Amino acid sequence: MPGLTAPSDYSQEPLRHPSLIINAKEPFNAEPPRSALISSYITPVHFFYKRNHGPIPLVDDIERMLPKYNVTATLQCAGNRRTAMSKVRKVKGVGWDISTLGNAVWGGAKLADVLELVGVSKFSYCTQKGGKHVEFVSVDKCEEEKGGPYKASIPLIQASNPEADVLLAYEMNGEPLNRDHGYPLRVIVPGVIGARSVKWLDSISINAEECQGFFMQKDYKMFPPSVDWSNIDWSARRPQMDFPIQCAICSLEDVDHIKPGKVTVSGYAVAGGGRGIERVDISVDGGKNWIEATRYQKIGVPYVADSLSSYKWAWVFFEITVDILRNTEIVAKAVDSAANVQPEKVEEIWNVRGILNNSWHRVQVGVGRSSI
């Protein structure tokens, strides 16, 4: 592809919204305030989290030939909620709060259609030459690849399945991708951690083995709490793909002071792999008793998990009004359509890389002038 350049410094970074919470300047990594995150079901581009491993490339536009599909899908960084995990034991990685995800309408060609153009049938598990994995290589150059390009792969059976809705996307919320989000072309792999949705796409290949790049083989893998940097064996674990059931309260900060009375508790819930959100439970007494929140994707329309009218790759908003009269801990947990539920304690899922923190989300609330 002609016209591809990857700046070696950060002098040509795009303009960004001033309210973004910047977690790293070089490379640029930022998330929106949690209250802004749930202000719109479709996340505005300027509030969509920015996750980068190097300077933002400068890339020329491309021609588009295949039919366009629109897919509403939530992308979530594997490190979402890492900061809470670090409070248990320090982990390595950008210190994200709860807003390292966003929901957008992505427009582009289905990867299954592109593969069919080169002779790979729909729903293929393996090509005649033994190819089982589709690798995406970016223009993006990063330190972890020793100055080489960012890359990742997904199984061929997923890439060639039109129902998996894997896109080669060139639009976001009806507009051309901007530079922060992969202009002019990126991969969107719904239901999978954001690390596999490669931005600034340069090339695609079909290989017998999964991608051997750093971010597939030596990062974004889930280890048990017993593993630390002294005994880690990267080859012992598979690269992480689907993200787990997740929810978080966005209408309150982790430590908040409010007036006594009725309080609206609202936020997001999302499950990987296209699984629906069966339930969101809220506790106003630290997890002793629970009440079910209402769920919606469209305002005024109750959400039904796995309904044909629901966006299976997208988050669900939840909301409930509760009476809070004294200092307490409000907790949220979700259940997906496969009956997967969030674990109670972050200690149970702590891992050295600090990924996939989906423990119960807790906020401490002080009422009136009392201290917590």
Side-chain angles (χ1 to χ4, degrees), residues 23-24 26-27 29 31 49 51-54 75-98 100-101 132-133 135-138 140-155 158 189 191-198 207-246 248 254 271-273 333 336 338 340-362:
N23 294 320
E26 298 181 0
N29 289 280
E31 61 187 301
Y49 76 94
R51 177 65 173 116
N52 299 295
H53 295 276
L75 290 192
Q76 179 175 205
C77 177
N80 191 34
R81 300 183 61 198
R82 179 180 283 134
T83 297
M85 194 170 276
S86 275
K87 291 178 180 178
V88 174
R89 270 191 285 163
K90 186 174 177 58
V91 297
K92 182 180 179 181
V94 178
W96 299 112
D97 191 40
I98 68 171
T100 325
L101 77 171
K132 293 184 178 180
H133 300 269
E135 181 176 273
F136 312 110
V137 179
S138 175
D140 182 22
K141 302 296 193 294
C142 47
E143 181 180 341
E144 292 89 345
E145 293 285 5
K146 299 180 181 179
Y150 185 99
K151 50 191 174 182
S153 68
I154 61 174
Q158 182 178 17
V189 188
V192 169
I193 63 170
R196 313 308 177 209
S197 289
V198 175
N207 305 319
E209 296 183 348
E210 66 190 13
C211 173
Q212 295 301 299
F214 178 91
F215 296 100
M216 289 286 289
Q217 300 304 324
K218 293 190 175 181
D219 202 355
Y220 298 122
K221 293 185 176 184
M222 185 74 165
F223 289 89
S226 59
V227 172
D228 59 29
W229 293 108
S230 69
N231 61 4
I232 194 167
D233 176 6
W234 290 105
S235 66
R237 300 289 160 179
R238 57 179 291 276
Q240 186 64 40
M241 301 302 284
D242 288 6
F243 51 77
I245 177 69
Q246 174 75 281
D254 284 340
K333 64 178 174 69
D336 72 17
N340 297 306
V341 63
Q342 291 176 252
E344 177 180 355
K345 298 178 180 179
V346 67
E347 290 87 350
E348 299 169 1
I349 53 172
W350 184 94
N351 60 91
V352 68
R353 191 57 184 84
I355 65 170
L356 308 183
N357 178 15
N358 70 327
S359 58
W360 294 1
H361 187 225
R362 306 167 185 268

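The structure displayed is predicted, hence computed values, not measured ones.
The shortest side-chain heavy-atom distance between Asp254 and His361 falls under the 4.5 Å cut-off. Residues Phe223 and Asp228 are not in side-chain contact: their nearest non-hydrogen atoms beyond the backbone lie 4.5 Å or more apart. Residues Trp360 and Lys345 form no side-chain contact, since every pair of their non-hydrogen atoms from C-beta on lies 4.5 Å or further apart. Proximity of Arg51 to Trp96: side-chain heavy atoms (C-beta onward) are separated by under 4.5 Å at one or more points.
Although no hydrogens or angles enter the test, the distance criterion places a donor-acceptor pair under 3.5 Å between the side chain of Arg82 and the main chain of Val94. Between the side chain of Glu210 and the main chain of Pro155, no donor-acceptor pair closer than 3.5 Å is present. Lys151 places no side-chain N or O within donor-acceptor distance of the main-chain N or O of Gly213, the cut-off being under 3.5 Å. At distances below 3.5 Å, at least one donor-acceptor pair connects side-chain atoms of Asn358 with backbone N or O atoms of Ile245. Thr100 places no side-chain N or O within 3.5 Å of a backbone atom of Cys77 that could act as its donor or acceptor partner. No donor-acceptor distance shorter than 3.5 angstrom exists from the side chain of Glu135 to the backbone of His133, with no hydrogens or angles considered. Looking at Lys87, its side chain never comes within 3.5 Å of a backbone N or O of Thr83 through a donor-acceptor pair. Of the possible donor and acceptor atoms, none in the side chain of Asn351 sits under 3.5 Å from a partner among the backbone N and O of Pro224. Put simply, the side chain of Glu31 gets close to the backbone of Asp97: a donor and an acceptor are under 3.5 Å apart. In this structure a side-chain-to-backbone donor-acceptor pair under 3.5 Å is missing from Asp233 to Asn231.
In terms of heavy-atom proximity, Phe243 sits nearest to Ala271 at CE1-C, 3.4 Å. Shortest non-hydrogen contact noted between Asp242 and Gln240 is O-NE2, 2.7 Å. Minimum heavy-atom separation, Gln158 to Met241: OE1-CE, 4.3 Å. Between Lys141 and Pro149, the shortest heavy-atom contact is CD-N, 3.8 Å. Of all the heavy atoms in Ser153 and Met216, the pair that sits closest is OG-CE, 3.4 Å. Closest of all the heavy-atom pairs between Cys142 and Phe215 is SG-CE1, 3.8 Å.
Atom CD of Glu347 sits in a crowded spot, with more than 12 heavy atoms from other residues, nucleotides or ligands closer than 6.0 Å.
Here the OG atom belonging to Ser359 is positioned 14.0 Å from the CH2 atom belonging to Trp350, to the nearest 0.5 angstrom. How far OG of Ser235 is from NZ of Lys218: 10.0 Å, rounded to the nearest 0.5 Å.
For Arg353 and Tyr220, the positive end sits near the middle of the six-membered ring, less than 6.0 Å away and at most 45° from its axis.
In summary, the side chains of Arg81 and Gln246 do present a donor paired with an acceptor at a separation below 3.5 Å, with no hydrogens or angles considered.
Exactly one residue among Leu356, Val352, Val227 makes a side chain to side chain contact (heavy atoms under 4.5 Å, CB included) with Met222. That residue is Leu356.
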